[in-house]
Amino acid sequence: MTDLSLTILPEAAGDAQAVERLHERTFGPGRFVLSAYRIREHVDHLLDLSFTARIGTLLVGSVRQLPILIGDTPALLLGPLTVEPPFRDRGIGRLLMERALKDAKAKGHAIVLLVGDEPYYSRVGFKQVPKGRVTMPGPVDAARILVFELVDGAFEGVSGQVGPDWSKARATTL
């Protein structure tokens, strides 16, 4: 991290529009066909476990976590994690992840799953899920499904389809 005056805070409801614009700039419209986004269509991220990074008032990064089930086992799905391109390679993504994982553990969560590049995420302790143990909706490269145990041994014996935790699904009105 350089000498930037960085602030990491829980995401507030009022941050939604700025975070969505950040996702548009960094991931583009193709993000909506990804497996993780299919899960996000039904369950909102948890504001108290999602974080923004700011330099002054400028939003430069964001990480979100939402409740999922792996088979019948509750877990969190981390992502998207994004940092504005001019601010990448300064440790902001790592700081966002570390804060998200620390707070998830403090709130009693045991497992965090994500879809991403193992060389990047392994630096904070994510490991590749053994092939065939976890499936996700839509096409996904199994080598990119990674897990982080917030509690030692929490992922032991866990397997199954990943989906939204319907007990946390947002209410819809007709």
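Just so you know, residue 1 is the first one in the sequence shown, and it goes up from there.
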Over all heavy atoms of both residues, which pair between [X] and [Y] is shortest? Give the atoms and the distance, please.
X      : Y      : result
Leu47  : Ala13  : CD1-N, 3.9 Å
Leu146 : Val129 : C-CG2, 4.0 Å
Leu78  : Ala100 : CD1-CB, 4.4 Å
Ile8   : Leu95  : CD1-CB, 3.5 Å

How about CG on Asp72, more than 12 heavy atoms from neighbouring residues, nucleotides or ligands closer than 6.0 Å, or not? no
Presence of salt bridge, [Y] and [X], under 4.0 angstrom:
X      : Y      : result
Arg144 : Glu118 : no
Arg94  : Glu98  : yes
Arg54  : Asp15  : yes
Asp103 : Arg99  : yes

Determine, stepwise, if the pair Thr52 / Val19 fulfils side-chain contact (heavy atoms from CB on, under 4.5 Å). CA-CA 8 Å; Thr52 60; Val19 170; 4.1 Å; yes
Do any N or O atoms from the side chain of [X] and from the backbone of [Y] form a donor-acceptor pair under 3.5 angstrom?
X      : Y      : result
Asp117 : Pro119 : no
Glu149 : Ala110 : no
Ser159 : Val134 : no

Taking the side chain as everything from C-beta on, heavy atoms only, tell me whether [X] gets closer than 4.5 Å to [Y].
X     : Y     : result
Thr82 : Arg88 : yes
Pro67 : His45 : no
Leu46 : Leu76 : yes
Asp48 : Pro10 : no
Leu6  : Ile92 : yes

For the atom pair [atom1] ([X]) and [atom2] ([Y]), what is the distance rounded to the nearest 0.5 Å?
X      : Y      : atom1 : atom2 : result
Leu66  : Ser50  : CG    : OG    : 8.0 Å
Ile68  : Met136 : CD1   : CE    : 7.0 Å
Leu113 : Leu77  : CG    : CG    : 6.0 Å
Ser62  : Leu81  : OG    : CG    : 8.0 Å
Thr135 : Ile70  : OG1   : CD1   : 10.5 Å
Gln65  : Leu114 : CD    : CG    : 9.5 Å

- Message: Taking Tyr120 as the starting point, is it possible to reach Val124 by hopping between hydrophobic residues whose side chains are less than 4.5 Å apart?
- Response: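 Linked within one cluster.
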Worksheet item: Is there a chain of hydrophobic side chains (I, L, V, M, F, W, Y, each step under 4.5 Å between heavy atoms) that links Ile55 to Met97?
Response: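 Yes: a chain of side-chain contacts under 4.5 Å links Ile55 to Met97.
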* Asked: Please walk me through it: do Phe148 and Ile111 pass side-chain contact (heavy atoms from CB on, under 4.5 Å)?
  -> CA-CA 6 Å; Phe148 186 95; Ile111 300 169; over 6 Å; no
For a side-chain contact (heavy atoms from CB on, under 4.5 Å) check, start with the C-alpha distance between Val112 and Leu150, then their side-chain angles and the critical distance, and finish with the verdict. CA-CA 7 Å; Val112 179; Leu150 297 167; 3.6 Å; yes
* Classify the ring geometry between Tyr121 and Phe126 as parallel (under 30°), tilted (30 to 60°) or perpendicular (over 60°). =>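 Perpendicular.
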Show the numbers, then the answer: is there a side-chain contact (heavy atoms from CB on, under 4.5 Å) between Leu58 and Phe87? CA-CA 11 Å; Leu58 178 66; Phe87 296 96; 4.0 Å; yes
Applying side-chain hydrogen bond (donor to acceptor under 3.5 Å, both in side chains) to His109 and not counting sequence neighbours gives none
